[in-house]
Amino acid sequence: MSIREIIASLREALPTVLLVLAILVGAAVVIWFLPSRTAAIIVGVVVAALLTYFLLRNFERITQVAILWLAIGVTADAAYARVNDQTPVGIASALVKFAEAIIKLGNIMISSLGIPAVAADPRFRAGPVSVAPEFVWAFVLALIVFLAFNLLRRD
């Protein structure tokens, strides 16, 4: 590969790299300056919007409809469990546990880099893991809204 080809490929990838960096910086700013529950909800909605955009570009319509119904089923399961004073035992619990594990891993990785952990900061009353359900529900509900809106709009 010549230097011109390398520079050309870097120019093609530059907008994508800048977009990813802007999203990461925006998420860091939201997490740092807003209360933890508000930040979790905002980040959940943004992640759902990005996933919807990716789904709309790269997946067939039938797969998009299946993911929409999966998200609706997860919400219905959790709503039924909430009404009957039970814990949701389906995918909702797995999503919350998965989000908690990712948050714990991220906190360990950040603290291993020498940056003080978020949980050690006295400004945060609730630890980062305690807001995982808010993130998951904001993500699932925003995913339903974005996918339904885009699927209805395309008809």
Side-chain angles (χ1 to χ4, degrees), residues 16-155:
T16 305
V17 171
L18 290 177
L19 178 65
V20 168
L21 285 175
I23 290 170
L24 290 176
V25 167
V29 167
V30 165
I31 290 170
W32 186 257
F33 289 115
L34 292 177
S36 54
R37 295 195 189 285
T38 306
I41 291 169
I42 290 172
V43 171
V45 170
V46 169
V47 168
L50 292 173
L51 180 65
T52 303
Y53 178 72
F54 175 74
L55 286 173
L56 292 175
R57 282 187 37 193
N58 298 323
F59 285 84
E60 293 182 26
R61 182 175 174 80
I62 192 71
T63 307
Q64 296 170 12
V65 171
I67 292 172
L68 172 65
W69 282 108
L70 173 70
I72 291 171
V74 167
T75 306
D77 173 46
Y80 177 78
R82 181 76 173 214
V83 167
N84 293 323
D85 293 328
Q86 300 171 354
T87 57
V89 294
I91 298 172
S93 296
L95 285 173
V96 170
K97 299 261 187 234
F98 185 65
E100 288 174 353
I102 289 175
I103 291 169
K104 286 178 185 176
L105 178 65
N107 209 7
I108 290 169
M109 290 175 60
I110 288 171
S111 63
S112 69
L113 291 173
I115 301 170
V118 173
D121 195 342
R123 293 182 307 137
F124 297 101
R125 288 181 211 103
V129 175
S130 67
V131 297
E134 284 84 0
F135 168 78
V136 168
W137 287 115
F139 170 74
V140 170
L141 295 175
L143 186 68
I144 290 171
V145 169
F146 293 145
L147 275 175
F149 176 73
N150 285 315
L151 289 171
L152 289 175
R153 190 178 61 141
R154 285 179 39 185
D155 282 341

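For Asn58, there are no side-chain hydrogen bond (donor to acceptor under 3.5 Å, both in side chains) partners two or more places apart in sequence or in a different chain. Partners of Ile102 by side-chain contact (heavy atoms from CB on, under 4.5 Å), not counting sequence neighbours, listed by chain and number: Phe98. Partners of Val145 under the side-chain contact (heavy atoms from CB on, under 4.5 Å) rule, at least two apart in sequence or in another chain, do not exist in this structure.
To the nearest 0.5 Å, the span separating CG on Leu21 from OG1 on Thr16 amounts to 11.0 Å. Here the straight-line distance linking atom CG of Leu70 with atom OG1 of Thr75 works out to 9.0 Å at 0.5 Å rounding. Taking CG of Leu151 as the start and CZ of Phe146 as the end, the distance is 13.5 Å to the nearest 0.5 Å. To the nearest 0.5 Å, the span separating CG on Leu141 from CD1 on Ile72 amounts to 10.5 Å.
For Leu24, the CG atom is densely surrounded, since the number of other residues' heavy atoms within 6.0 Å is greater than 12.
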Would you list the atom pairs, donor with acceptor, under 3.5 Å between side chains in residues 44-56 and any protein atom, with sequence neighbours excluded?
unit_1	atom_1	unit_2	atom_2	d
Thr52	OG1	Ala48	O	2.7
Tyr53	OH	Arg57	NH1	3.4

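Using a distance-only test at 3.5 Å, with no hydrogens or angles considered, a donor-acceptor pair links the side chain of Gln64 to the main chain of Phe59.
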Report the C-alpha distance between Val140 and Trp137 in whole Å, list the side-chain angles of each, state the deciding distance to 0.1 Å, and finish with yes or no for side-chain contact (heavy atoms from CB on, under 4.5 Å). CA-CA 5 Å; Val140 170; Trp137 287 115; 4.3 Å; yes
